[in-house]
Amino acid sequence: MRPSQAIIDLKALSHNYQLAKKTSHAKAFAVIKANAYGHGAVKCAKALASQADGFAVAFLEEAIELRQAGISSPILLLEGFLEASELALITQYNLWTVIHDYWQIEAIEKTACANTLTVFLKMDSGMHRVGFFPEQYLDAYHRLQKTGKVAHITAMTHFSRADELNCDYTSQQYQIIKQIVQPFGLATCFSNSPTILGWPIIQSDWVRPGLMLYGVSPFEASSEKASPLLPVMTLQSRIISIRELPAGQPVGYGSQFYTSHPTRIGVVAIGYADGYPRLAPNGTPVMIDHMPSQIIGRVSMDMLTVDLTHIPHAGLGSEVELWGKHICATKVANLAKTIAYQLFCNVNRVTKQYIY
Ligand SMILES: *Cc1c(COP(=O)(O)O)cnc(C)c1O
């Protein structure tokens with residue numbers, strides 16, 4: 001069997017969820033969209049089911065998968081329904097939905113659906129992606145109420161720059177929504193991971209932690225605010241071949257690396273088709289038999305090459321950690337000019353092994 005695996009530590013997931021709740025003093029949707037950021041949505045939901053206040057996914061099909069797996073907790077659709085016909089299924093599966101556009105309100109007006117919808121009404125407080133502009137917000141709110149089909153409305157917004165701890169934009173967004181919804185005493189749902197960890201001044205009744213559940217810092221620079229998190233995924237593989245090259249030899253596609261001295265090279269059975277970023281440059285850290293080493297040469301589809309020169313005890317079958325407990329996924333992501341979110345979402349091909 002191919003020795004490439006993502007080991008998923010579900011105890012660490014619980015720890016991180018509890019940390020999100022403790023830090024925010026709020027009810028928390030565990031955000032498990034995109035197959036729980038590549039960690040396995042059903043497994044993660046089951047691991048958190050007894051403690052989670054709710055789950056959040058991007059769209060209907062992701063929610064139905066959880067219901068069919070027996071998850072009975074509240075599930076919020078972060079993008080709401082994508083066409084009017086989904087409203088019937090939202091009722092049937094007892095889902096909560098975000099409303100971010102007038103067409104969705106019109107759909108509720110026109111559809112004969114149950115009169116017990118739980119709605120999270122989204123304001124565009126500055127991200128300018130989805131949501132009602134502040135000046136539209138109360139109109140949208142009253143129109144929703146007038147449909148007579150909505151039982152609960154919670155005010156929601158999303159921060160676009162909360163990972164930038166020295167940037168004032170998050171406070172500005174917070175002031176905008178607070179001013180409008182506070183007089184109405186609406187329940188609120190504001191914070192994502194960087195807001196929970198980096199902006200304790202921002203309080204809401206519900207929070208929506210995603211990345212932090214998986215134990216990785218949402219901040220680009222290392223921050224002690226994220227230090228209590230425990231990494232959930234360890235991506236690992238093994239050495240399947242070894243070769244010794246003299247100085248001056250190229251390694252891999254495009255000869256992007258040349259040996260500067262006699263070099264012992266290990267070939268690892270994992271590549272970009274497994275979600276390891278192709279843009280990881282020479283020098284990207286890996287851990288081999290508990291010794292630090294690095295990528296040399298370009299990452300291929302199913303294999304990559306590492307430097308074993310300084311690890312004589314490493315050989316065929318040696319274990320290689322690509323990220324996880326020792327190698328920080330954010331570090332690898334930064335070097336590959338992406339973010340840990342994307343690295344995790346791309347982990348589809350390797351087998352997953354769960355630790356309970
Ligand atoms: C994905 C998502 C989140 C979770 O964000 P993290 O940065 O991973 O914590 C929260 N809210 C919304 C609307 C999202 O789409």
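Remember, it's 1-based here, ligands and their atoms both numbered in the order they're listed. Along the sequence shown, residues carry numbers from 1.
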Trainee: Do the charged groups of Lys325 and Asp9 touch, with an N to O distance under 4.0 Å?
Mentor: yes
Trainee: Number the atoms of ligand 1 from 1 as they appear, then name those within less than 4.0 Å of a heavy atom of Tyr37, with their elements.
Mentor: 1 (C), 4 (C), 5 (O), 6 (P), 8 (O)
Trainee: Might you work through the ring-ring contact (aromatic ring centres under 6.0 Å, His included) test for His100 and Phe132, ending with a clear yes or no?
Mentor: CA-CA 6 Å; His100 60 77; Phe132 296 92; 7.8 Å; no
Trainee: Is there a ring-ring contact (aromatic ring centres under 6.0 Å, His included) between Phe190 and Trp199? Walk through the geometry before answering.
Mentor: CA-CA 11 Å; Phe190 296 157; Trp199 299 86; over 10 Å; no
Trainee: Can you find an N or O of Gly210 that's nearer than 3.5 Å to an N or O of ligand 1?
Mentor: yes
Trainee: Mark up the atoms of ligand 1 that fall under 4.0 Å of a heavy atom belonging to Ser193, in ascending order.
Mentor: 6 (P), 7 (O), 9 (O)
Trainee: Under a 4.0 Å heavy-atom limit, does Lys33 contact ligand 1 with its side chain, its backbone, both, or neither?
Mentor: side chain
Trainee: Would one find an N or O of Arg208, backbone or side chain, under 3.5 Å from an N or O of ligand 1?
Mentor: yes
Trainee: Looking at Glu109 and Arg143, does any basic side-chain N land under 4.0 Å from a carboxylate oxygen?
Mentor: yes
Trainee: Does the pair Asp289/Arg238 count as a salt bridge with the N-to-O cut at 4.0 Å?
Mentor: no
Trainee: Given side chain to side chain donor-acceptor pair (under 3.5 Å), test His310 with Arg264 step by step and report yes or no.
Mentor: CA-CA 8 Å; His310 60 294; Arg264 190 162 169 263; over 6 Å; no
Trainee: Return the option from Ile196, Asn192, Leu76 holding the heavy atom at the smallest distance from atom 5 (O) of ligand 1.
Mentor: Asn192
Trainee: Output yes when the distance from some N or O of ligand 1 to some N or O of Leu78 is under 3.5 Å, and no in every other case.
Mentor: no
Trainee: Please verify whether a non-hydrogen atom of Tyr341 lies at under 4.0 Å from ligand 1.
Mentor: yes
Trainee: Would Arg129 count as a polar contact of ligand 1, with the cut-off being nitrogen or oxygen pairs under 3.5 Å?
Mentor: no
Trainee: Is the shortest distance from a Lys or Arg side-chain nitrogen in Asp53 or Lys21 to a carboxylate oxygen in the other one below 4.0 Å?
Mentor: yes
Trainee: Taking a cutoff of less than 4.0 Å between a non-hydrogen atom of the residue and any ligand atom, is Pro194 in contact with ligand 1?
Mentor: yes
Trainee: Please could you name the atoms of ligand 1 that Leu211 approaches to less than 4.0 Å, counting only its heavy atoms?
Mentor: 6 (P), 8 (O), 9 (O)
Trainee: Hey, can you tell me if Phe120 and Trp96 have their rings parallel, tilted or perpendicular (30° and 60° cut-offs)?
Mentor: parallel
Trainee: Could you work out, for atom 12 (C) of ligand 1, the closest of His158, His100, Lys122 by heavy-atom distance?
Mentor: His158
